[in-house]
Amino acid sequence: MSNAEPQLTANFIRQMVAADVQENKHHGKVATRFPPEPNGYLHIGHAKSICLNFGIALENNGTCNLRFDDTNPEKESLEFMQSIETDVSWLGFAWTNKFHASDYFEQLYQYAVQLIEQGDAYIDDLTAEQMRLYRGTLTEAGKDSPNRHRPVAESLDLFARMRAGEFTDGQYVLRAKIDMASPNVNMRDPIIYRIRHVHHQRTGDAWCIYPMYDYTHCISDALEGITHSLCTLEFEDHRPLYDWVLDKLQTPTHPQQTEFARLQLEYTIVSKRKLAQLVTENHVNGWDDPRMPTLAGLRRAGVTPAAIRDFCERIGVTKKDAWIEMAVLENCIREDLNENAPRAMAVLKPLRVVIENYPADLVEQLHIPCHPQKPELGSRQVNFAKEIFIEADDFALIPPPKFKRLIEGGEVRLRGSYVIKCNQVIQDEEGNISELRCSYDPNTLGKNPEGRKVSGVIHWVAVADSLPAQLRLYDRLFCLPHPDSEENFLAALNPDSLEILDDCRVEASLATAQVGDGFQFERTGYFCLDEDSNCEKLVFNRTVTLRDTWTK
RNA sequence: UGGGUCGUCGCCAAGCGGUAAGGCACGGGGUUUUGAUCUCCGCAUACCAAGGUUCGAAUCCUUGCGACCCAGCCA
């Protein structure tokens with residue numbers, strides 16, 4: 001890829017890290033981590049976090065671990081873990097170490113024992129419902145559980161028996177003993193362990209008690225020597241708990257948690273639960289449907305890792321709730337593809353053109369540059385013959401104002417080829433245009449015609465050697481900018497998010513395209529060869545349209 | 001009514017007491033065998049509001065207003 005990585009602009013996290021390095025905090029080391037829960041596919045929102053965490057590490061010669069936050073086996077799976085590794089790698093990042101929160105289950109358990117011994121945690125047997133009542137509300141303090149002062153020895157015994165599997169799910173929990181009157185509800189004796197007789201994707205049946213996120217995350221960070229623990233805004237209220245646990249445990253290191261705003265992209269959603277719903281209810285064709293904001297979906301659509309990285313840099317990192325317009329992402333995609341995608345011609349809705357003054361037995365081998373601004377990319381062979389297809393939309397019987405394509409009696413340039421003139425329009429009984437009879441000017445190959453100006457240029461393919469193809473025209477998945485705030489986000493689904501064109505014709509040079517290869521089909525958009533292609537038919541997904549200032 | 005945050009151009013975003021970067025979008029001109037690209041020009045006397053401090057405030061203080069998050073044995 002020839003494009004340089006984006007210009008880095010200042011953001012508060014970069015500045016904080018730079019200041020820490022300057023002050024030799026953590027001995028000048030920078031260690032971050034990307035900690036996804038393997039309960040779904042990664043999406044564009046994760047890309048922001050990935051670019052931030054790996055980026056900060058890279059910029060400071062630091063390290064960045066991939067850590068699966070796998071403390072809730074009921075929702076997690078190996079399939080998701082695999083997809084996450086694939087996607088992070090595809091985005092262009094290499095983790096220093098790969099860890100799992102489950103790697104720390106034994107240490108987490110021992111730390112919990114320590115907490116109990118210190119009198120900082122206790123076993124409670126309140127039901128979930130009772131617990132909720134005791135917790136109070138946002139404006140009223142909670143009240144102490146009757147078990148809050150259970151003797152240490154008793155809690156220790158109960159905790160060991162929880163681990164041993166003596167109890168049923170929900171029968172007991174381990175709670176941190178903090179402050180039931182805290183204005184921060186997260187500090188009202190939060191649960192740190194619960195009983196779940198569930199098979200874990202990695203630890204199997206070794207455990208029937210699983211640690212909660214708040215308790216696990218900070219210790220995992222500390223054990224890995226993370227210096228900067230970056231997470232999203234909704235965890236701001238959890239930071240006091242993060243710090244409380246590490247302070248009580250006197251861990252060797254105490255990472256600094258810093259929160260930033262999660263990505264909100266217009267006309268899409270980044271809620272894993274809702275993305276999963278789109279998949280399971282078949283509103284899309286899987287997690288990698290090109291309309292999905294998942295990395296797998298973007299990849300299949302033909303979006304490049306560089307475009308996503310550029311996007312993540314451009315949107316910035318702040319603590320402000322911000323909505324990013326889809327145009328920003330599209331611009332990043334176009335900018336990268338314009339620079340790097342070879343050009344080709346594809347006719348979406350073919351209209352047969354017979355060039356009457358062109359010899360029937362002649363086939364000219366034209367060579368058209370793969371990129372108009374980059375001759376070094378070479379050229380491809382495109383054959384010209386008596387019968388060609390042009391885009392039905394490029395001809396108009398009754399042209400709209402300023403139409404500069406083909407009209408009856410008018411002239412137009414065939415891209416990379418000759419200027420043709422339309423002499424006759426053949427229509428069927430119903431008035432449909434079935435064919436155009438044209439003539440070409442032999443003196444216009446590679447040069448302008450004499451004595452007149454032809455401003456229109458249209459794409460074409462030869463009938464004989466063009467290839468049949470299916471083009472999938474994707475559009476935004478939702479027709480409302482903030483589908484997530486709708487009472488029913490499914491109602492905001494765009495009914496026209498996919499248009500399948502089955503009778504397209506593409507130039508012969510595309511026969512050797514590989515799955516995933518991206519092209520600019522001149523004048524129609526950027527496309528990517530899909531894995532559904534077979535020897536009978538090529539399948540291309542539209543990544544994004546070309547900018548269009550005419551139809552506006 | 002508790003706690004935690006945030007408010008700079010239509011959308012992002014720099015700015016960190018010395019007189020409003022940049023990107024996207026938008027409008028206009030030029031080049032062009034893609035109505036693409038490229039290129040040139042325009043686009044906040046103004047920083048949520050009102051007071052105050054200061055020679056000087058988007059930056060400091062005060063008071064309002066608005067928005068977002070938190071009461072899972074989810075993360």
Side-chain angles (χ1 to χ4, degrees), chain A residues 6-7 9-11 15 35-37 39 69-72 74-76 124 126-128 131-132 135-142 169-175 182-188 190-196 210 212-214 216-217 231-240 259 261 266 272-273 313-332 334-335 338-339 343 345 368 371-373 402-405 412-419 444-448 454-459 520-525 545-552:
Chain A
Q7 281 289 308
T9 68
N11 67 48
Q15 293 174 335
E37 182 189 10
N39 67 342
D69 230 323
D70 57 349
T71 57
N72 186 0
E74 283 167 301
K75 297 181 176 175
E76 301 154 4
D124 203 351
L126 251 29
T127 63
M131 197 90 69
R132 189 174 62 76
R135 189 154 38 230
T137 69
L138 293 180
T139 52
E140 300 165 86
D169 288 6
Q171 200 175 339
Y172 288 102
V173 293
L174 178 65
R175 291 230 258 171
S182 173
N184 180 345
V185 292
N186 295 124
M187 298 297 269
R188 319 242 259 230
I191 292 169
I192 58 181
Y193 262 96
R194 76 286 216 186
I195 300 172
R196 279 287 174 283
Y210 293 98
M212 298 285 287
Y213 166 83
D214 285 310
T216 307
H217 203 82
C231 63
T232 42
L233 250 31
E234 67 269 28
F235 292 105
E236 233 158 3
D237 286 345
H238 297 240
R239 187 168 3 110
E259 310 83 11
E266 291 189 339
K272 272 201 231 176
R273 202 201 97 235
E313 182 55 37
R314 289 195 203 200
I315 59 177
V317 179
T318 67
K319 292 174 80 87
K320 181 168 81 171
D321 274 309
W323 280 94
I324 309 298
E325 293 178 340
M326 192 54 101
V328 180
L329 210 211
E330 291 178 344
N331 175 262
C332 293
R334 290 192 183 108
E335 212 165 271
N338 173 58
E339 180 79 8
R343 313 287 121 128
M345 291 194 285
I368 303 179
H371 194 292
Q373 283 84 35
K402 294 188 177 169
F403 188 74
K404 51 185 229 186
R405 308 179 190 180
V412 76
R413 156 79 64 184
L414 292 177
R415 168 112 251 226
S417 179
Y418 299 96
V419 168
T444 54
L445 185 60
K447 54 184 164 186
N448 288 321
V454 175
S455 57
V457 181
I458 65 173
H459 57 278
Q520 182 198 103
F521 288 165
E522 290 195 270
R523 306 207 311 128
T524 71
T545 60
L546 250 33
R547 239 179 107 241
D548 183 355
T549 48
W550 186 62
T551 55
K552 277 178 183 170

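Chain A is the first sequence line, chain B the second, and so forth, proteins listed ahead of strands; every chain is numbered from 1.
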S.K.: Rounded to whole angstrom units, what separation is found between the CG atom of A:N448 and the C1' atom of B:U31?
M.R.: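 Whole-Å distance recorded here is 14 Å.
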S.K.: Restricting to non-hydrogen atoms, name the atom on A:R188 and the atom on A:R175 that form the minimum distance, rounded to 0.1 Å.
M.R.: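 In this case the closest contact between A:R188 and A:R175 is O-NH1, 3.6 Å.
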S.K.: Rounded to whole Å, how long is the line connecting atom CH2 of A:W323 with atom P of B:C12?
M.R.: 10 Å
S.K.: Using 30° and 60° as the class boundaries, would you call the ring planes of A:Y213 and A:H238 parallel, tilted or perpendicular?
M.R.: perpendicular
S.K.: Considering only the P atoms, how many Å lie between B:G7 and B:A49, rounded to the nearest integer?
M.R.: 14 Å
S.K.: Can you check B:G72 for me, syn or anti if syn means within 90° of 0?
M.R.: syn
S.K.: Below 3.5 Å between N/O atoms, which protein atoms pair up with nucleotides 15-21 of chain B? Just atom names and distances, please.
M.R.:
unit_1: B:G15; atom_1: OP1; unit_2: A:Q15; atom_2: NE2; d: 2.5
unit_1: B:C16; atom_1: N4; unit_2: A:Q15; atom_2: OE1; d: 2.8
unit_1: B:C16; atom_1: N4; unit_2: A:Q15; atom_2: NE2; d: 2.9

S.K.: Quick one: A:M326 CE to B:C12 C1', roughly how many Å, whole number?
M.R.: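 Between C1' of B:C12 and CE of A:M326: 15 Å.
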S.K.: Using a heavy-atom cut-off of 4.0 Å across all strands, would you classify A:K272 as base, sugar-phosphate, or nothing?
M.R.: nothing
S.K.: Has the side chain of A:R196 got a donor or acceptor atom that lies under 3.5 Å from a matching backbone atom of A:D169?
M.R.: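 It does not hold such a pair.
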S.K.: Starting the side chain at C-beta, find the nucleotide from B:U33, B:A14, B:C68 nearest to A:D321.
M.R.: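 Closest of the options to the side chain of A:D321: B:C68.
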S.K.: If you measure from the C1' atom in B:A58 to the same atom in B:U53, how many Å do you get, rounded?
M.R.: 16 Å
S.K.: Could you state the atom-to-atom distance from CD of A:E313 to P of B:G22 in whole Å?
M.R.: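 So the CD-P distance, A:E313 to B:G22, works out to 17 Å.
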S.K.: Measure the spacing between CD of A:E266 and CD1 of A:I324 and express it to the nearest 0.5 Å.
M.R.: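 CD1 of A:I324 is found 8.5 Å from CD of A:E266.
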S.K.: Less than 4.0 angstrom from a charged side-chain N to a carboxylate O is my criterion; do A:E37 and A:K272 meet it?
M.R.: no
S.K.: Once each nucleotide of nucleotides 34-42 of chain B is scored for protein heavy atoms under 4.0 Å, what B/S/- sequence comes out, 5' to 3'?
M.R.: BBBB-----
S.K.: Can you find a donor-acceptor N/O pair under 3.5 angstrom joining the side chain of A:E325 to the base of B:G10?
M.R.: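 Counting by modelled atom types and ignoring angles, a donor-acceptor contact under 3.5 Å is found here.
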S.K.: Rounded to whole angstrom units, what separation is found between the CZ atom of A:R314 and the P atom of B:A14?
M.R.: 15 Å
S.K.: Taking the C1' atom in each of B:A25 and B:G10, what is the distance between them to the nearest angstrom?
M.R.: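 Comparing C1' positions in B:A25 and B:G10 gives a spacing of 7 Å.
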S.K.: Without decimals, in angstroms, what is the distance between A:I368 CD1 and B:U33 C1'?
M.R.: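 Going from CD1 in A:I368 over to C1' in B:U33 covers 10 Å.
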S.K.: Does the protein touch nucleotides 69-75 of chain B at the base, only the backbone, or not at all? Give it as B, S and - per nucleotide, heavy atoms under 4.0 Å.
M.R.: BBBSBSB
